[in-house]
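This report refers to the structure that appears directly beneath it.
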Amino acid sequence: MRRLYAALGVLALIAAIVTTGFIINTRTAESILEQLNSAYNSAESGDIEKARKIFREAKKEWSDNVEIMLLFISHGRIDRIDEAFDSAETYLKNDDIIMFLAECSTARLLTEHFIDVEYPYINNIF
């Protein structure tokens with residue numbers, strides 16, 4: 001009987017870890033996606049300073065949470081999003097707004113895909 005309780009305890013621990021990872025990843029990605037959309041819209045409308053501020057906040061939040069997110073998901077997806085952030089930041093620093101919009105769009109799409117992959121849909125399992 002003790003083995004059964006131990007197995008149920010391990011199962012509960014695994015379920016808690018998986019749930020924690022899901023919540024951390026999706027909440028962080030949704031928050032960053034919202035900020036990226038705001039930065040994109042600000043840059044598109046010509047408010048570059050506001051776009052810079054919002055984008056810096058998004059990048060800081062991403063950097064603050066990326067270490068935790070790496071515990072729960074493969075490095076490939078996160079590395080690609082990091083690359084898009086870095087490229088967009090470079091273009092924004094150089095006032096190349098067209099290229100910033102392109103890289104910001106890439107970061108947004110990758111983040112949306114990141115969120116979609118986290119949900120346990122049947123096509124994400126197989």
Task: Residue pair Ile97 / Tyr91, side-chain heavy-atom distance below 4.5 Å - done: no
Open item on the list: Taking the side chain as everything from C-beta on, heavy atoms only, tell me whether Asn41 gets closer than 4.5 Å to Glu44.
Closed with: yes
- [ ] Give the cluster check for Met99 versus Ile48: same hydrophobic cluster or not, with ILVMFWY residues linked at side-chain heavy-atom distances below 4.5 Å.
- [x] yes
TODO: Compute the ring centroids of Tyr40 and Phe100, then answer whether they are less than 6.0 Å apart.
DONE: no
Open item on the list: Looking at Arg52 and Leu92, would you say the former's side chain and the latter's main chain have a donor-acceptor pair under 3.5 Å?
Closed with: yes
Open item on the list: For residues Leu101 and Leu109: do they belong to one hydrophobic cluster (side chain heavy atoms under 4.5 Å, members Ile, Leu, Val, Met, Phe, Trp, Tyr)?
Closed with: no
Task: Atom pair OG1/CG of Thr28 and Leu33 - distance to nearest 0.5 Å - done: 12.5 Å
TODO: Any chance you could measure Ile68, atom CD1, to Thr20, atom OG1, to the nearest 0.5 Å?
DONE: 11.0 Å
Task: Same apolar cluster (I L V M F W Y, side chains within < 4.5 Å links), Ile24/Leu13 - done: yes
Task: For Cys104 against Ala88, the heavy-atom pair lying closest together - done: N-CB, 4.2 Å
Task: Glu49 and Lys53 ion-paired at < 4.0 Å - done: no
Task: Test salt bridge (Lys or Arg N to Asp or Glu O under 4.0 Å) applied to Arg80 and Glu83, step by step - done: CA-CA 5 Å; Arg80 181 61 189 113; Glu83 290 171 10; 3.6 Å; yes
Task: Aromatic ring pairing Phe85/Phe55, orientation class (parallel under 30°, perpendicular over 60°, tilted between) - done: tilted
Task: Minimum heavy-atom distance between Gln35 and Ala58, given as atom pair plus value - done: OE1-CA, 2.9 Å
- [ ] Find out whether Phe114 and Thr26 are in side-chain contact, i.e. whether some heavy atom of one side chain is under 4.5 Å from a heavy atom of the other.
- [x] no
Open item on the list: Working to the nearest 0.5 angstrom, can you tell me the gap between Arg108 CZ and Asn37 CG?
Closed with: 4.5 Å
- [ ] Indicate if Ile54 and Ile32 have the same hydrophobic cluster label, given that clusters are the connected sets of ILVMFWY residues with side-chain heavy-atom separations under 4.5 angstrom.
- [x] no
- [ ] Please answer whether the main-chain N or O of Ser42 pairs with a side-chain N or O of Ser45 as donor and acceptor at a distance below 3.5 Å.
- [x] yes
Open item on the list: Within the supplied structure, the quantity of interest is the number of heavy atoms (other residues, nucleotides, ligands) at a distance under 6.0 Å from Leu4 CG; does it exceed 12?
Closed with: yes
Task: Where Ile115 and Ala29 come nearest, the two heavy atoms and their spacing - done: CG1-CB, 3.4 Å
Open item on the list: Show the nearest heavy-atom pair for residues Ala39 and Ala51, with the distance to one decimal.
Closed with: O-CB, 3.5 Å
Task: CG on Leu36 to NZ on Lys59, rounded to 0.5 Å - done: 11.5 Å
Task: Connected via hydrophobic side-chain network under 4.5 Å: Ile14 and Phe22 - done: no
Task: Asn65 side, atom CG; Arg27 side, atom CZ - distance, nearest 0.5 Å - done: 12.0 Å
TODO: State the CD-OG1 distance between Glu34 and Thr111, to the nearest 0.5 angstrom.
DONE: 12.5 Å
